[in-house]
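These notes concern the structure reproduced below.
What you see is a predicted model, and the numbers here were worked out from it, not measured in a lab.
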Number of protein chains: 4
Amino acid sequence: MTPTDFVHINTGSPEPIYRQLIEQVKRRVAAGQLKAGDEIPSVRELAQALAVHPMTISKAYSMLEMAGVLERRRGLSMVVAAQHHRAQPAASRIELLRPSLQKAADEARQLELPKAEVLGLLEQLLDGNTP
Amino acid sequence: MTPTDFVHINTGSPEPIYRQLIEQVKRRVAAGQLKAGDEIPSVRELAQALAVHPMTISKAYSMLEMAGVLERRRGLSMVVAAQHHRAQPAASRIELLRPSLQKAADEARQLELPKAEVLGLLEQLLDGNTP
Amino acid sequence: MTPTDFVHINTGSPEPIYRQLIEQVKRRVAAGQLKAGDEIPSVRELAQALAVHPMTISKAYSMLEMAGVLERRRGLSMVVAAQHHRAQPAASRIELLRPSLQKAADEARQLELPKAEVLGLLEQLLDGNTP
Amino acid sequence: MTPTDFVHINTGSPEPIYRQLIEQVKRRVAAGQLKAGDEIPSVRELAQALAVHPMTISKAYSMLEMAGVLERRRGLSMVVAAQHHRAQPAASRIELLRPSLQKAADEARQLELPKAEVLGLLEQLLDGNTP
DNA sequence: GTGGTCTAGACCACC
DNA sequence: GTGGTCTAGACCACG
């Protein structure tokens, strides 16, 4: 997996870069696209590919390590952790989506939008081009 | 409308308080729950009701004024602005929801979740209790 | 509590500064010297007192927050977290000491030192001047 | 002495592997378990037995040579050095233990643990199984 | 005033 | 080659 396939960042977003990285990696691991033992791009490599400071990458990796998603191998690049981080079944993965959907649902209710319209727009967006 | 009905805030949320206020007011105006000329709670009154620093309320009100949603009346509390801010039709209001749904859709795609499950969860959340 | 009483660091130690801070704060909370709700020195204040870069302090505070020991109050200084972090009874606190004692015990065994001598030295060190 | 009896390493420990090797060998020499002239496992042999990179073993051996603990014999494995490294009396050996005990004592004081409890735990650990 | 994020760049430890 | 730590200093968001 090349560094540019590994993650994408949006420097314009209010969400900090390091957090974008964390969330994307977590989702990829949950979806099974990243499997236990898979090597991830080195800090310097990814930093160069994304045109970001290495410390920003390092911060994200460190937090993923603390969260148990990645493991360090001293002197070598980091790998996806074995324990507790195999791909999760869809029934479990959907829980990772709940916060975003909850926020959207709250907003829709305050806007007094008909349910059908909201579901229609989401369906349309789910069919959209891969970002 | 009492101050506590006017808006609700969640101090635990990562979203800043002043932004929670702004977004809620905008949605209420768009939905027609707040109409042109309606008085809104004073800075002090709302600050006390929400147990928030008055400057935070003031900042939100100022930004809503700059956005043309509120108007300042000499000696009076602020009121909902007349121009350009009547209730919008649903077709237009749904655009205010698009960013949140887009974010959820992107996440769902990265999680490789089946469309039906995602739509099912949203439908369920839309039926939930009013927050 | 003044910043210089709050923690002490040893720049000569191989243990990174930010980690020294973390461990000391955890011990002070466990011992009950720092109680839930107590304010801690601000990042800038402590950085100046210890002659360390503010980011080093910030890193330690962030990790203590993630560990649930500290809580952020937006716009204000951080405080000792309420939940799960009241002073622990001695029976529980001693577990925090176990790793260090285990290491010493392992070394003593490899050095084939008589138990009495080892315990004697530790007793002497426990009576030493407050560091 | 087989390679696996010679030293044990813990790859999970924060202490670097090469340093674990160095300290263990020093303690074994001080205790008299390794005597002047004793052959030690070759770099390759030990590297394979411990599943560690040969360079890591080599680095440890080189440092032990620089410290005067080991000697290189042309064409042969390394041996324990004759000079200055016979077994030390207990009174001297205990100084090698002082740093670890000092660290434990400092922590105990910050945790405000009663002396008796600390000494009790250490005694119990000294009676534990050989690691 | 508070903490958070990021960049630039140095130096170290490890394998 | 790998990641970790620290400094210097800028800029932002929040209250």
Side-chain angles (χ1 to χ4, degrees), chain A residues 9 11 13-21 39-47 50-65 70-79, chain B residues 9 11 13-21 47 50-60 63, chain C residues 9 11 13-21 39-47 50-65 70-79, chain D residues 9 11 13-21 47 50-60 63:
Chain A
I9 59 166
T11 46
S13 160
E15 193 179 10
I17 296 170
Y18 84 96
R19 188 155 291 284
Q20 293 182 40
L21 295 177
E39 276 201 7
I40 63 172
S42 79
V43 168
R44 290 167 174 81
E45 192 181 7
L46 188 57
L50 300 178
V52 182
H53 193 275
M55 192 181 243
T56 305
I57 309 291
S58 180
K59 185 177 182 179
Y61 281 10
S62 294
M63 288 185 162
L64 284 165
E65 188 197 3
L70 298 182
E71 276 178 1
R72 260 176 52 212
R73 299 181 307 165
R74 289 190 294 201
L76 305 172
S77 56
M78 300 182 84
V79 298
Chain B
I9 60 164
T11 48
S13 159
E15 194 178 7
I17 296 168
Y18 85 98
R19 186 154 292 282
Q20 293 182 41
L21 296 176
L50 300 179
V52 164
H53 197 290
M55 188 188 249
T56 305
I57 309 292
S58 180
K59 182 176 183 177
M63 287 183 141
Chain C
I9 59 167
T11 46
S13 160
E15 193 179 10
I17 296 170
Y18 84 96
R19 187 155 293 283
Q20 294 181 40
L21 296 177
E39 276 200 7
I40 63 172
S42 78
V43 169
R44 290 167 174 81
E45 192 180 8
L46 188 56
L50 299 178
V52 182
H53 194 276
M55 192 182 244
T56 303
I57 309 291
S58 180
K59 186 177 180 178
Y61 281 10
S62 295
M63 288 186 163
L64 284 165
E65 187 198 4
L70 299 182
E71 276 177 1
R72 262 177 48 212
R73 299 182 306 167
R74 289 189 295 201
L76 305 172
S77 56
M78 300 181 83
V79 297
Chain D
I9 60 164
T11 47
S13 159
E15 193 178 8
I17 295 169
Y18 86 98
R19 186 155 292 281
Q20 294 182 41
L21 296 177
L50 300 178
V52 165
H53 197 288
M55 189 187 247
T56 305
I57 309 291
S58 178
K59 182 176 182 178
M63 287 183 142

Rounded to whole angstrom units, what separation is found between the CD1 atom of I57(A) and the P atom of dG3(F)? 11 Å

What nucleotide among dG15(F), dC6(F), dT5(E) has an atom nearest to a side-chain atom of P16(A)? dT5(E)

Any S42(A) side-chain nitrogen or oxygen under 4.0 Å from OP1 or OP2 of dT2(F): yes

Please tell me if R74(C) has a side-chain N or O lying less than 4.0 Å from either OP1 or OP2 of dG15(F). yes

Phosphate OP1/OP2 of dG4(F) contacted by S58(A) side-chain N/O (<4.0 Å): yes

For I40(C) and I17(D), find the nucleotide of DNA chain E closest to each by heavy atoms; which residue's nucleotide sits nearer the 5' end? I40(C)

On DNA chain E, compare the nucleotides closest to R19(A) and E45(C); which residue's is nearer the 5' end? E45(C)

Check: L50(B) and L21(B) side chains under 4.5 Å, non-hydrogen atoms: yes

Could you tell me the separation between the CD atom of E39(C) and the C1' atom of dG3(E), rounded to a whole number of Å? 14 Å

Value in whole Å for how far the P atom of dT5(F) lies from CE of M55(C): 13 Å

Base, sugar-phosphate or nothing for V52(A)? Non-hydrogen atoms, less than 4.0 Å. sugar-phosphate

Nearest-angstrom distance from the residue atom NE2 of H53(C) to P of dG3(E): 14 Å

OP1 or OP2 of dG1(E) under 4.0 Å from side-chain N/O of S77(C): no

Measure CE/M63(A) against C1'/dC6(E) and give the value in whole Å, please. 14 Å

Which base, if any, makes a Watson-Crick or G-U wobble pair with dG3(E), both distances under 3.5 Å? dC12(F)

Interatomic distance, I40(A) atom CD1 to E45(A) atom CD [nearest 0.5 angstrom]: 10.0 Å

hbond_proxy R44(C) side chain to dG1(E) base (donor-acceptor, 3.5 Å cutoff): no

Report yes if at least one side-chain N or O of Y18(D) is closer than 4.0 Å to OP1 or OP2 of dC14(E); otherwise report no. yes

How many whole angstroms separate atom CE of M78(C) from atom P of dG1(E)? 19 Å

Supply the atom-to-atom distance E65(A) CD to S58(A) OG, rounded to the nearest 0.5 angstrom. 10.0 Å

NZ of K59(C) versus P of dG3(E): gap in Å, rounded? 18 Å

L76(C) atom CG is separated from dG4(E) atom P, nearest whole Å, by 13 Å

Keeping E39(A) on the side-chain end and S77(A) on the backbone end, is there a donor-acceptor pair under 3.5 Å? no

Roughly how far, to the nearest 0.5 Å, is the CD1 atom of I57(A) from the CD1 atom of I9(A)? 7.0 Å

Using heavy atoms to find the nearest nucleotide of DNA chain F for E15(C) and G75(C) separately, return the residue whose nucleotide is more 5′. E15(C)

